[in-house]
Amino acid sequence: MSPSPPYHGPAVRRAVPLLALGALVASSLALAAPPAQAAETLLSQGRPATASSQEGDGYAPSAAVDGNLTGTRWASRWSDPQWFQVDLGQRSDLSRVVLTWEGAYGRSYQIQASDDGTDWRTLKTVTGGDGGTDELAVTGSGRYVRMLGTERSGGYGYSLWEFQVYGSTDGTPPATGAVEVTGSQGNWQLTVGGQPYTVKGLTWGPAIADAPTYLPDVKSMGVNTIRTWGTDGGTKPLLDSAAANGLKVVNGFWLQPGGGPGSGGCVNYVTDTTYKNTMLTEFTKWVETYRNHPATLMWNVGNESVLGLQNCYSGAELEAQRNAYTGFVNDVAKKIHSIDPDHPVTSTDAWTGAWPYYQRNAPDLDLYSMNSYGDICGVREDWEQGGYTKPYLITEGGPAGEWEVPDDANGVPDEPTDVQKAEGYTKAWNCVTGHRGVALGATLFHYGTEHDFGGIWFNLLPDGLKRLSYYAVKRAYTATAGNDNTPPVVSALAVSPASSAPAGGEFTVRADVRDPDGDPITYKIFLSGNYANGDKRLVEASWRSTGNGTFAVRAPEKLGVWKVYLQAEDGRGNAGIETKSVKVVAPPVTGTNVALNKPTTASSFQPSYGDCPCEPAKATDGRADTRWASDWSDPQWIQVDLGSATPVRKLQLVWDPAYAKSYEVHISDNGTAWRTIYSTTTGNGDIDTIDVAATARHVRLHLTARGTGWGYSLHEFGIYG
């Protein structure tokens, strides 16, 4: 797919800111075929198939529904239990299931059916199976049918030449036909095949290859639409899987500078005809390819580029670029309409201030689209005040984003709690449905599984674990809470000391954690260095429980503000996750810093770069927010004149990210003759606290190998007597 950033940078409003296993009758083994039913049809052949595992690349689940009884097969890993399932595409009345086993067969297994791919009903239980061909009469209905293997016949796995499901279709087929925006000013609706269609959607995060795994779950949430940011030759499997699950897709086309503030890729829309012609040709190709695909709902040209152009231009030139960009969007819309008159065209931004540009320059758009989070109800206000004449779709929405919340005591955005995030989705949907006849629905952000900084903030199921937000969206779209087992609720999370955790030492995390279903809770604690070093990954911390919802956590060695995440899991696929910031500071050193404000010299320093000048004296000024920085070459040195012979017992080096991998500590009585008292070749950029036993007037760091492509940089060169 085209570039599709999972998260985006800040925007301001006006700018509007940017997401029982029930059992039926079980019977024993029955191999006799029932009388044929007049309307019986083979429903499974060629349908999407998935499995709990496969033995290798040549044994994919699809091989068991391809109609080849002796040439291709699915094979599982060599363990119990395993399952194989097929998606029939719509709910069907079931009459027979025929399993043609290879030599590795199931001795005990169940045939189950489901309407949503999540809640399963057992239609048949087989014990004492002997391989060959099992032809099983079943009674029941469902869209999904699976074999749940519980006992293998031998040491291998389960292997099926073919899995055939017979029956007749039942229920309403997925919506098909032309998609239109119908109605008049303030009384619009989206229709599919002439039938009203409200977009109940999610933005799509997993890999396309995982669509058969996740889309049944998406469907079970009441979702009817997913949104992508890019459309290309790799999109077809996602569209196919969406269609198999009765879902529609908002097919996105990416334009630079997409993603709003902070996103790269500046284009001159006034003069760069080559780029515009290239993109128009590219988009045309994929519209022609997918215009007749049953999953296609509409085309979405660009994402947040009107706002994002402020990254590239300013003043009158910015105005010209925004007009030219929206004019190009209109050219794309006209071209799409000439190829595909049966699907609407829209364009997304993250700022209602973009709408006047679209109104002026893109009259061929059928509707507008908007990404909006904490201020989503303001979209309606801006639409009404702006006098617009087209409806809109919310293409991203959810809890308040990083750019919308106040900073905490450590100066970083104060992330909402799980409860607040869930309320954010409920609010978003209420705002959309409250603007009747104008807001045509939403694809909320984000059906993603990434377990990182942004994933915890926005994903409904990071690492596959369902959050309170997941169930909030499900309730919004299905209007029922059902009998779902829901996640633990974490409250009153606190970190101590929040603003002075010693690097490498311990700090305390406290929380009240309750599971609404009474499930036993297990814990994990993670750290993210996003605000400290830009690393958005979550790394499991070293921690220990001290009882009563209290944990002792080891602080990172690197200074800065870190995020700490308490993850409470219920063993049922759910998790409550809360996060607070913790500021890691240099561990205290007893004694007196005899280098403080003493004459300091160096082989070089940077006079102007970023926060520089970075003179040597800034490494001995006692401040963590200043630094010495050298030239970008080896070797370099920095030294301190203590004024007289002074006992030295400890050094503390507080590195900037530009650290030394190899260095020596030299001392001298006269500043000319030096002797080495410490050396290392394994520096890692963390705080170095070094025990020494010496008396000297001059202390020098001789730096021989940089840890980065930059120079050397020290926030503090502490010398303690």
Side-chain angles (χ1 to χ4, degrees), residues 20-23 52 80-81 83 110 112 114-122 146 148 150 213-214 216-222 399 415-426 447-451 455-495 508-526 538 540-541 543-553 564-580:
L21 182 62
S52 53
D80 285 313
W83 55 262
Q110 298 171 11
Q112 300 178 324
S114 172
D115 296 326
D116 57 12
T118 301
D119 297 324
W120 294 91
R121 304 178 289 274
T122 299
R146 78 174 175 181
L148 176 63
T150 55
T213 299
Y214 289 108
D217 178 57
V218 173
K219 179 71 172 179
S220 75
M221 297 173 68
E415 186 165 341
T417 66
D418 264 6
V419 171
Q420 290 168 333
K421 290 174 184 175
E423 290 170 346
Y425 288 100
T426 302
Y447 194 92
T449 60
E450 299 90 346
H451 190 254
I456 298 301
W457 200 303
F458 286 112
N459 283 349
L460 301 184
L461 58 169
D463 205 25
L465 298 166
K466 297 174 181 178
R467 311 278 295 280
L468 289 176
S469 295
Y470 173 98
Y471 294 100
V473 172
K474 185 174 183 179
R475 282 192 295 271
Y477 287 167
T478 64
T480 177
N483 296 314
D484 290 320
N485 182 289
T486 55
V489 179
V490 184
S491 60
L493 181 68
V495 175
T508 300
V509 173
R510 296 184 181 86
D512 180 25
V513 184
R514 308 290 174 87
D515 187 86
D517 306 289
D519 296 321
I521 298 170
T522 58
Y523 295 96
K524 294 177 182 176
I525 298 178
F526 299 93
L538 266 60
E540 190 154 9
W543 61 276
R544 56 191 174 85
S545 174
T546 53
N548 298 320
T550 304
F551 309 88
V553 183
V564 55
Y565 299 80
L566 178 64
Q567 182 165 304
E569 301 179 20
D570 65 358
R572 304 288 295 272
N574 301 309
I577 309 173
E578 293 292 308
T579 179
K580 291 290 184 182

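In what follows, every heavy atom counts, from backbone to side chain, and hydrogens, waters and symmetry copies are set aside. Since this is a predicted model, take the numbers as computed values, not measurements.
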Just jot down the salt bridge (charged side-chain N to carboxylate O under 4.0 Å, His left out) partners of [X], sequence neighbours excluded, or say none.
X	result
Glu415	Lys421, Lys563
Asp515	none
Asp519	Arg572

*Take Val473 and Leu460 through the side-chain contact (heavy atoms from CB on, under 4.5 Å) test and state the conclusion after the steps.*
CA-CA 9 Å; Val473 172; Leu460 301 184; 4.2 Å; yes

Shortest non-hydrogen contact from [X] toward [Y]:
X	Y	answer
Ala568	Val513	CB-CG1, 3.8 Å
Gly117	Pro216	CA-CB, 4.3 Å
Pro487	Ala575	CB-O, 3.5 Å
Gly222	Tyr477	O-CB, 3.8 Å
Thr579	Leu493	N-CD2, 3.5 Å
Pro488	Pro516	CA-CD, 4.2 Å

Check: [Y] main-chain N/O paired with [X] side-chain donor or acceptor under 3.5 Å:
X	Y	value
Ser52	Trp83	yes
Ser114	Asp119	yes
Asn485	Asp517	no

Does some side-chain heavy atom of [Y] sit less than 4.5 Å from a side-chain heavy atom of [X]?
X	Y	result
Ile456	His451	yes
Phe458	Ser469	no
Lys466	Thr486	no
Tyr447	Asp217	yes
Tyr523	Ser545	no
Met221	Thr478	no

Would you give the length of the straight line joining atom [atom1] of [X] to atom [atom2] of [Y], rounded to the nearest 0.5 angstrom?
X	Y	atom1	atom2	answer
Glu450	Leu538	CD	CG	12.0 Å
Leu465	Glu569	CG	CD	5.0 Å
Thr449	Tyr214	OG1	OH	4.5 Å

Pairing residues for [X] by the side-chain contact (heavy atoms from CB on, under 4.5 Å) criterion, not counting sequence neighbours:
X	result
Ser491	Asp512
Ala552	Glu506, Arg544, Thr546
Thr426	Asn430, Ala472
Ala476	Trp429

_Residues forming a ring-ring contact (aromatic ring centres under 6.0 Å, His included) with Trp543, sequence neighbours excluded_ = Phe551

*Take Glu540 and Phe526, measure what side-chain contact (heavy atoms from CB on, under 4.5 Å) needs, and give me the verdict at the end.*
CA-CA 4 Å; Glu540 190 154 9; Phe526 299 93; 4.0 Å; yes

*asked:* I'd like to know whether Val495 forms a side-chain contact (heavy atoms from CB on, under 4.5 Å) with Thr508, so could you lay out the CA-CA distance, the side-chain angles of the two residues, the decisive distance to 0.1 Å, and finally the verdict.
replied: CA-CA 6 Å; Val495 175; Thr508 300; over 6 Å; no

With sequence neighbours excluded, what pairs up with [X] under the side-chain hydrogen bond (donor to acceptor under 3.5 Å, both in side chains) test?
X	answer
Lys219	none
Tyr565	none
Tyr471	Asn574
Asp418	Arg467

*Charged N to carboxylate O below 4.0 Å: is that the case for Asp463 and Lys524?*
no

*Any donor-acceptor N or O pair under 3.5 Å, side chains Tyr470, Asp484*: no

*How about Thr122 and Gln112: does a side-chain donor come under 3.5 Å of a side-chain acceptor?*
yes

*Using the side-chain contact (heavy atoms from CB on, under 4.5 Å) rule, take Ile577 and Val490 through it: C-alpha gap first, then chi angles, then the decisive distance, then the call.*
CA-CA 7 Å; Ile577 309 173; Val490 184; over 6 Å; no

